[in-house]
Amino acid sequence: MPMTPFQQKVYEFIREIPRGKVTTYAAIARAIHCRSAQAIGQALKLNPFAPEVPCHRVIKADLTLGGYSGATTGVKVREKLALLKAEGVEFVDGRLKDSSRVWSGE
DNA sequence: CGAGCCCACAACC
DNA sequence: GGTTGTGGGCTCG
């Protein structure tokens, strides 16, 4: 399946997210010169690169988890939490514990 | 090329 | 917590 340049940009950017850090849809949108975070989510939910692209490091600007694997809630989201925690990113009640871990793409 | 629909958001109320 | 606004991508025509 062919993917659009936009998706490639999104995936590429996310792929560069350092371990132990997270980024927001808004930050990504800004990084790829886009102004719509929804477009990011639209691309991410498709996520053809499940383990390649650490989509679990992408959270909402509100510092909440957001969604994962096409679900805003459920086991998948809990799994996302566990992955982040394993990287040193602790969440409390589905929220980022340390806001300084937000990666703005440098 | 144009109109409509979709989205894991963001901001405001 | 619910509603509104925004904005781009995608699909269909």
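Within every chain, numbering begins at 1; the chains are lettered A, B, ... in the order of the sequence lines, protein sequences first and strands thereafter.
The CZ-P distance, from A/Arg30 to C/dG7, rounds to 16 Å in whole Å. Following rounding to the nearest Å, A/Glu79 (CD) and B/dA8 (P) show an atom-to-atom distance of 18 Å. Rounding to whole angstrom units, CD1 of residue A/Ile40 and C1' of B/dA10 are separated by 13 Å. Counting to the nearest Å, the P atom of B/dA8 and the CD1 atom of A/Ile14 are 15 Å from each other. The CD-P distance, from A/Gln7 to B/dA8, rounds to 14 Å in whole Å. Between the C1' atom of B/dC9 and the CG atom of A/Leu65 lies a distance of 14 Å, rounded to the nearest Å. A/Met3 has its CE atom 13 Å from the P atom of C/dT11, to the nearest Å. C/dG9 atom C1' lies 11 Å from atom NZ of A/Lys9, rounded to whole Å.
Contact annotation: side chain of A/Gln38 to base of B/dC9, donor-acceptor pair present below 3.5 Å. In this model, a side-chain donor or acceptor of A/Gln42 finds a partner on the base of C/dG8 within 3.5 Å. The base of B/dA10 is not paired with the side chain of A/Tyr25 by any donor and acceptor separated by under 3.5 Å.
Side-chain contact between A/Gln7 and A/Phe49 is absent, with no heavy-atom pair separated by less than 4.5 Å. Side-chain contact between A/Leu46 and A/Tyr11: present, with at least one pair of heavy atoms (C-beta onward) separated by less than 4.5 Å.
Across B/dA10, C/dG8, B/dA8, the shortest atom-to-atom separation from the side chain of A/Ala61 is found for B/dA10. Distance from the side chain of A/Lys45 is smallest to B/dA8 among C/dG7, C/dC10, B/dA8.
Using a 4.0 Å heavy-atom criterion, one finds that A/Lys60 contacts the sugar-phosphate atoms exclusively. Backbone-only contact: A/Ala26 has heavy atoms under 4.0 Å from sugar-phosphate atoms and none from a base.
With DNA chain C read from its 5' end, the first of the two nearest nucleotides for A/Leu46 and A/Ala37 is the one closest to A/Ala37.
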* **Watson-Crick and G-U pairing of DNA chain C, under 3.5 Å, as dot-bracket with | and [ ]** => |||||.|||||||
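Under the 3.5 Å distance criterion, the side-chain polar atoms of A/Arg101 are matched with a main-chain donor or acceptor of A/Gly88. The main-chain N or O of A/Leu83 is never found under 3.5 Å from a side-chain atom of A/Arg57 such that the two would form a donor-acceptor pair. In this structure, A/Asp93 contributes its side chain and A/Arg95 its backbone to no donor-acceptor pair below 3.5 Å. For A/Tyr68 (side chain) and A/Arg78 (main-chain N/O), no donor-acceptor pair under 3.5 Å exists by modelled atom type.
Considering every non-hydrogen atom in both A/Ile40 and A/Phe6, the closest pair reads CD1-CZ, 3.8 Å.
Annotation: A/Lys76, atom NZ; neighbour count of heavy atoms from other residues, nucleotides and ligands within 6.0 Å does not exceed 12.
Taking 4.0 angstrom as the limit, A/Thr4 places a side-chain polar atom (N or O) nearer than this to OP1 or OP2 of C/dC10. Under 4.0 angstrom from either OP1 or OP2 of C/dG8 there lies at least one side-chain N or O belonging to A/Arg35.
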